Amino acid sequence: MPTPPAPDADLVRRLLADQFPQWAGLPLSPVVPGGSDHALFRLGEELQVRLPRGEWAAGQAQKDRRWLPRIAGHLPLPIPSPLAVGEPAFGYPWRWSVTHWLPGETARHDGLADSVATAVQTAGFLSALQHLPPPSALLPGPHFDLESSDLRTRDASTRAAIAAVEGTFDQRALTATWDAAMEATGWEGDPVWFHGDFHVGNLLTVDGRLSAVIDFGGLGVGDPSCDLVIAYTLLDEKTRPAFREALAVDDATWARGRGWALSTGLNAYTNYAHVNPHVAKATTYQITQALL
């Protein structure tokens, strides 16, 4: 298979002129550094173009268009608003999208105006998400595009990652935390909605206050413990109790959520920390927090 063309500004302009000429004349600039799954381009003052970087993100444009308009009105923070889905063209093999631009900076644990208020607000967003009507009430099925979450499928890879970071992190503490997650009982409630990739990189802030939640590629229904990763990427040991109380998380779910934080942090650290200082710093914080 030929290598797809790089999703650069020239390709975006060609795609827009071909499929959405009403926007083709607007100023276009890349969003740097962009996302790990999508190349992002600001289009005029109010729009954004998102192009998948690979096959793993290829279905998100359709998924966003299908679900985000149906859940946005139930949530207390703005989320992306898809306007159009473009088709493959000019050698670029995946569907892409045009959405409204959401202003803000990527959230940082050390850049919050009020950490406790943010912890409670974050819990409020997740609570609203979990209390959405079931998918069948929003759109007739089937719903094959909604993810499910099962922490146990990550057992072998997480233990391999623990072995790989010997000498960098406390392996005994890592193993004990992971064992506790594996021993915790599974989700016993009805399946509920979860974001699926809920960490600082997918939250925006304005003046240190949460302004939007983005990137719903992992949106799904099942065990919501995967979204507790935010407690270890945005919060700290002083603010996590307020978050947990506001969300009313039971012990088993909390243990699984801590496992998700540890597993995803280790995965990113072992794969990218050696080539990306930002990832190294962020995942070191995440892993360290999961051990507290």
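Since the structure is predicted, the reported quantities are computational estimates derived from the model, not experimental observations. One-based numbering along the sequence shown.
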* Counting only heavy atoms not in E45, do more than 12 sit closer than 6.0 Å to its CD atom? -> no
* **Within the 6.0 Å centroid threshold, strictly below: F20 and W96** => yes
* Check step by step if side chain to side chain contact (heavy atoms under 4.5 Å, CB included) holds for L132 and R70. => CA-CA 10 Å; L132 285 172; R70 291 178 166 85; over 6 Å; no
* T283 side chain near T270 side chain, heavy-atom distance below 4.5 Å -> no
* Does some side-chain heavy atom of R66 sit less than 4.5 Å from a side-chain heavy atom of L139? -> yes
* L102 side chain near P80 side chain, heavy-atom distance below 4.5 Å -> yes
* Evaluate the side-chain proximity of L16 to L26: yes if any heavy-atom separation is below 4.5 Å, no if none is. => no
* What is the minimum heavy-atom distance between W67 and P135, and which atoms define it? -> CH2-CB, 3.8 Å
* **Joint cluster assignment, V192 & L247, ILVMFWY side-chain distance < 4.5 Å** => no
* **salt bridge (Lys or Arg N to Asp or Glu O under 4.0 Å) between R159 and D179, worked out** => CA-CA 10 Å; R159 294 189 189 279; D179 285 345; 2.9 Å; yes
* Check: W101 and V31 side chains under 4.5 Å, non-hydrogen atoms -> yes
* **Connected via hydrophobic side-chain network under 4.5 Å: L235 and V116** => no
* Ignoring hydrogens and angles, tell me if any N or O in the side chain of R152 forms a donor-acceptor pair with the backbone of M182 under 3.5 Å. => yes
* **Atom pair CZ (F169) and OG1 (T288), whose distance is rounded to the nearest 0.5 Å** => 5.5 Å
* **Separation between CD of Q130 and CZ of F125, rounded to the nearest 0.5 Å** => 10.5 Å
* E245 atom CD, over 12 foreign heavy atoms within 6.0 Å -> no
* With side chain to side chain contact (heavy atoms under 4.5 Å, CB included) as the test, would you mind laying out the steps for Y92 and V12 before giving the verdict? => CA-CA 10 Å; Y92 183 76; V12 174; over 6 Å; no
* Would you call R244 and D251 a salt bridge, using N to O less than 4.0 angstrom? -> yes
* Applying the 4.5 Å side-chain criterion to the ILVMFWY set and letting contacts propagate, would V120 and V200 be lumped into a single cluster? -> no
* Are any non-hydrogen side-chain atoms of L138 and W193 less than 4.5 angstrom apart? -> yes
* Sub-3.5 Å donor-acceptor pair from the side chain of K63 to the main-chain atoms of L219, do we have one? -> yes
* Let me see the working for L129 and V213 under side chain to side chain contact (heavy atoms under 4.5 Å, CB included), right down to the final yes or no. => CA-CA 11 Å; L129 183 64; V213 178; over 6 Å; no
* To do: Ignoring hydrogens and angles, tell me if any N or O in the side chain of H195 forms a donor-acceptor pair with the backbone of I214 under 3.5 Å.
  => yes
* Under the 3.5 angstrom rule, does the side chain of R256 hit a backbone N or O of D150 as a donor-acceptor pair? -> no
* Asked: Is a side-chain N or O of N202 found less than 3.5 angstrom from the main chain of D197, in a donor-acceptor match?
  -> yes
* Asked: Ignoring hydrogens and geometry, is there a side-chain-to-backbone donor-acceptor pair from T205 to A107 under 3.5 Å?
  -> no
* **Salt bridge flag under 4.0 Å for residues D110 and R108** => yes
* To do: Kindly say whether T233 contributes a backbone atom to a donor-acceptor pair with the side chain of Q289 at under 3.5 angstrom?
  => no
* Structure fact -> To the nearest 0.5 Å, atom CG of L43 lies from atom CD of Q48 at 9.5 Å
* Polar side-chain atom of N271 near backbone of N267 as donor-acceptor pair, under 3.5 Å -> yes
* Would you say L266 and Q286 make side-chain contact, with heavy atoms under 4.5 Å? -> no
* Asked: Can you name the nearest heavy-atom pair linking R258 to A290, along with the distance?
  -> NE-O, 2.6 Å
* Under 3.5 Å, side chain of R53 to main-chain N/O of D37, donor-acceptor pair present? -> no
* Atom CD of E46 with >12 non-hydrogen neighbours under 6.0 angstrom -> no
* **Which atom of P7 lies closest to which atom of A39, heavy atoms considered** => CG-CB, 3.7 Å
* To the nearest 0.5 Å, how far apart are CG in D64 and CZ in R95? -> 13.5 Å
* Asked: Looking at side-chain heavy atoms only, is the closest gap between L228 and F243 below 4.5 Å?
  -> yes
* NE2 (H74) with more than 12 external heavy atoms under 6.0 Å -> yes
* Does a donor on one side chain sit under 3.5 Å from an acceptor on the other, for W260 and S225? -> yes
* Could you tell me which non-hydrogen atom of T99 sits nearest to which non-hydrogen atom of P82, and how far apart they are? => CG2-CA, 4.0 Å
* To do: Kindly compute the distance separating CZ (F41) from CZ (R13), expressed to the nearest 0.5 Å.
  => 10.0 Å
* Structure fact -> All heavy atoms of F194 vs all of C226, minimum pair found to be CD1-SG, 3.5 Å
* Atom CD1 in I79, atom CZ in F216: separation rounded to 0.5 Å? -> 4.5 Å
* **Steps toward side chain to side chain contact (heavy atoms under 4.5 Å, CB included) verdict (L47, H100)** => CA-CA 4 Å; L47 303 177; H100 283 295; 4.2 Å; yes
* Asked: Counting N and O atoms only, with roles assigned by atom type, does the side chain of S127 sit under 3.5 Å from a partner on the main chain of A123, one being a donor and the other an acceptor?
  -> no
* To do: Might you confirm whether atom CZ of R42 has over 12 heavy atoms from other residues, nucleotides or ligands at distances under 6.0 Å?
  => yes
* Asked: In terms of hydrophobic clustering (I, L, V, M, F, W, Y; side-chain heavy atoms under 4.5 Å; direct or indirect links), are V221 and F198 co-clustered?
  -> yes
* State, to 0.1 Å, how close L77 and L210 come at their nearest heavy-atom pair, and which atoms those are. => CD2-O, 3.9 Å
* Can you find a side-chain donor-acceptor pair between T239 and D236 that sits under 3.5 Å? -> yes
* Check the surroundings of atom CD in Q62: do more than 12 heavy atoms from other residues, nucleotides or ligands lie under 6.0 Å from it? => yes
* Asked: Is there a chain of hydrophobic side chains (I, L, V, M, F, W, Y, each step under 4.5 Å between heavy atoms) that links V49 to L15?
  -> yes
* Can a donor-acceptor pair be found between the side chains of S97 and Q60 at a distance below 3.5 Å? -> no
